[in-house]
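Worksheet for the structure shown next.
In what follows, every heavy atom counts, from backbone to side chain, and hydrogens, waters and symmetry copies are set aside. Numbered from 1 within each chain, the chains take letters A, B, ... in sequence-line order.
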2 protein chains.
Amino acid sequence: MMRLKIPEPTIKRLLVYYRFLENQIGVNEQKVLSSRELGEGVGVTSNLVRRDLSFFGEFGCQGVGYDVEILKDNLKKIIGISQQRQVILVGAGNLGRALLNYNKFVGIEIVEVFDCDLNKIGNTVNKLEVKNVKLMEEIIKERDIKLAIIAVPADYAQNVALQITGAGIKAIWNFAPVPLKMNEDVVIINEDLACGLGCLVYKLNQLEQQIV
Amino acid sequence: MMRLKIPEPTIKRLLVYYRFLENQIGVNEQKVLSSRELGEGVGVTSNLVRRDLSFFGEFGCQGVGYDVEILKDNLKKIIGISQQRQVILVGAGNLGRALLNYNKFVGIEIVEVFDCDLNKIGNTVNKLEVKNVKLMEEIIKERDIKLAIIAVPADYAQNVALQITGAGIKAIWNFAPVPLKMNEDVVIINEDLACGLGCLVYKLNQLEQQIV
DNA sequence: ATGAGATTGATTTCACATTCACAAATAATT
DNA sequence: AATTATTTGTGAATGTGAAATCAATCTCAT
Ligand SMILES: NC(=O)c1ccc[n+]([C@@H]2O[C@H](COP(=O)([O-])OP(=O)(O)OC[C@H]3O[C@@H](n4cnc5c(N)ncnc54)[C@H](O)[C@@H]3O)[C@@H](O)[C@H]2O)c1
Ligand SMILES: NC(=O)c1ccc[n+]([C@@H]2O[C@H](COP(=O)([O-])OP(=O)(O)OC[C@H]3O[C@@H](n4cnc5c(N)ncnc54)[C@H](O)[C@@H]3O)[C@@H](O)[C@H]2O)c1
């Protein structure tokens, strides 16, 4: 174990490991699993699995492997999903509604949805009422929410980000394809889907040109 | 210019640069822009912009900058989005419909949608009729489609991937949170949204523990 | 009890990605 | 024409992440 300066890719994989363990529980009665099995399950090498985990401690048993329950509990604590965190979503459009209807995110619960469109305000999405964005800042403060999902059009994202951080939001999962300019004390993950597609198109072209 | 072995992060940024240039056209009449301006617009350093572009040639003019139109055309060619590529989408669920309704992806056109749910087959999403997945393989061959988007539940993704690659698909944009096991001649981009969220929760916890 | 086989966790090595720093080139100014 | 401001493109240095390697430890069969 070494602590200090954990690679970002490692952090992203923690949840992948956790999700795999969760799913495995039901499938078979396996109590213990090896880094090789875990790695194969999620598509990384066993070396990398051990490396990732060893940043946070010694959870395995040499010659044996990892106890599923113990590893799962430890991952929960490490990631910080021992209890569900309350989250808001801004922008009940196409993507926003898809996210709201998805019930498989672990560690979070979307508790409020905001939009500015009068045709959407008042609608119900997955048991949640879409509220007027004018109420947003007050509700964030009232409920002491720290994490927000931005699913508004690109042109409005920066403004929304300023509003919500002003009201106390400290973490933003941003789906708008713009780089948010924020203070250092706000953590942001940008989920720019288009560039994954761009990369795929590039690679497909390379593949085709190579063969022809 | 150096060619050979281009970093994957570089490839992903190409589309970000392109999208920024597209958007800038309307905003002002700027004919030329510097790597600094482009970098600030998309949230990377000017050094990185120049490094990325220089993998593919010399598009700028020293002391001046980059001609917007010329750079845009070159990026189009490099990424491979000079003409729209026909694409299919499998799984007209929550996420699938959000993607179908999004008209801002560049370089692709979703031309067919498939699902296995009889309640969804026949429905129209963004002017496209959802077709029975049984027709999928035939239509892929008929229209000679090479790129597919997978938006089906995790348990079905591997099967769908085998079907479509069997029918000729060479590139997959996969939203199911599972590592697809495919031959070497198929390119895959996995868009595992949950791990971005996991990473954000982790960082938020770190932030909070640090302050308290 | 002992040895064979399995597996972890740490160290070392290697590969990849970004930043730094500067020569070369251009435009604007005097 | 000479000078100054910019700005590109790239070699070198640095930083970051993954793979390879291996000693230490555990289980189990004999
Ligand atoms: N839909 C996709 O598949 C997809 C793919 C990639 C990226 N994105 C990005 O995700 C974001 C959302 O996309 P979408 O397709 O859901 O768009 P959308 O237009 O369907 O929805 C946007 C919603 O945000 C609301 N809104 C606008 N300004 C607001 C404000 N200031 N406060 C609160 N609500 C506001 C609108 O009323 C609308 O309901 C966009 O930035 C888009 O670029 C979407
Ligand atoms: N919705 C989200 O916000 C979200 C977030 C993260 C990941 N995902 C992933 O994206 C995928 C789709 O999510 P969703 O929320 O749209 O799920 P969904 O259940 O709403 O939609 C899935 C669709 O796939 C169809 N389907 C199932 N098996 C099929 C098959 N063999 N062939 C064709 N169609 C088939 C179903 O009929 C359904 O319409 C899932 O793998 C999910 O884990 C979704």
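Contact check, A:Arg50 against D:dC22: no side-chain N or O comes under 4.0 Å of OP1 or OP2. The phosphate of D:dC26 has neither OP1 nor OP2 within less than 4.0 Å of any side-chain N or O from A:Tyr66. Put simply, A:Ser35 has no side-chain N or O that comes within less than 4.0 Å of OP1 or OP2 on C:dT7.
Using a 4.5 Å heavy-atom cutoff, the side chains of B:Asp192 and A:Arg19 are in contact. Counting only heavy atoms from C-beta outward, the side chains of B:Asn126 and B:Tyr102 never approach each other to under 4.5 Å. When side chains are defined from C-beta on, A:Ile189 does not count as touching B:Leu197, because their heavy atoms never get closer than 4.5 Å.
In C:dA23 the base sits anti relative to the sugar, since the glycosidic angle is further than 90° from 0.
Rounded to whole Å, the distance from CZ on A:Arg36 to C1' on C:dT8 is 13 Å. Atom CG of A:Leu48 and atom P of D:dT16 are 18 Å apart (whole Å). When the P atom of D:dT16 is taken as reference, atom CZ of A:Phe55 falls 12 Å away, rounded to whole Å. Going from atom NZ of A:Lys12 over to atom P of D:dA18 covers 12 Å, rounded to whole Å. For the pair B:Phe59 CZ and C:dA25 P, the interatomic distance rounds to 19 Å; values are reported in whole Å. As rounded to whole Å, 14 Å separates atom C1' of C:dT7 from atom CG of A:Leu71. Between the CZ atom of B:Phe56 and the P atom of D:dT8 there is a distance of 18 Å, given to the nearest Å. Whole-Å rounding puts the A:Glu8 CD to D:dA18 P distance at 11 Å.
B:Asn101 places no side-chain N or O within donor-acceptor distance of the main-chain N or O of B:Val125, the cut-off being under 3.5 Å.
One can find a donor-acceptor pair under 3.5 Å joining the base of C:dT19 and the side-chain atoms of B:Arg51. Between the side chain of B:Gln62 and the base of D:dT8, at least one donor-acceptor pair of N or O atoms lies under 3.5 Å. With hydrogens and angles ignored, no donor-acceptor pair closer than 3.5 Å exists between the side chain of B:Asn47 and the base of C:dA17.
Comparing C:dT7, D:dG9, C:dT26 by their closest approach to the side chain of A:Ser34 singles out C:dT7. In the set D:dT16, C:dT18, D:dC26, the nucleotide with an atom closest to the side chain of B:Thr10 is C:dT18.
For the pair A:Thr45 and B:Leu33, nearest-nucleotide mapping onto DNA chain D gives the more 5' position to B:Leu33. Remark on DNA chain C: of its neighbouring residues B:Pro7 and B:Val64, the 5'-side contact belongs to B:Pro7, judged by nearest-heavy-atom nucleotide.
In a base pair of the Watson-Crick type (N1 to N3 plus N6-O4 or O6-N4) or a G-U wobble (N1-O2 and O6-N3), with each distance short of 3.5 Å, D:dA5 is matched with no nucleotide. D:dA19 is paired with C:dT12 under the criterion used here, namely a Watson-Crick or G-U wobble arrangement in which both key atom distances are under 3.5 Å.
Comment: A:Lys181 does not engage B:Glu40 in a salt bridge, judged by the lack of any side-chain N to carboxylate O separation of less than 4.0 angstrom.
Residues A:Val16 and B:Cys195 approach most closely at CG2-CB, 4.0 Å, considering heavy atoms.
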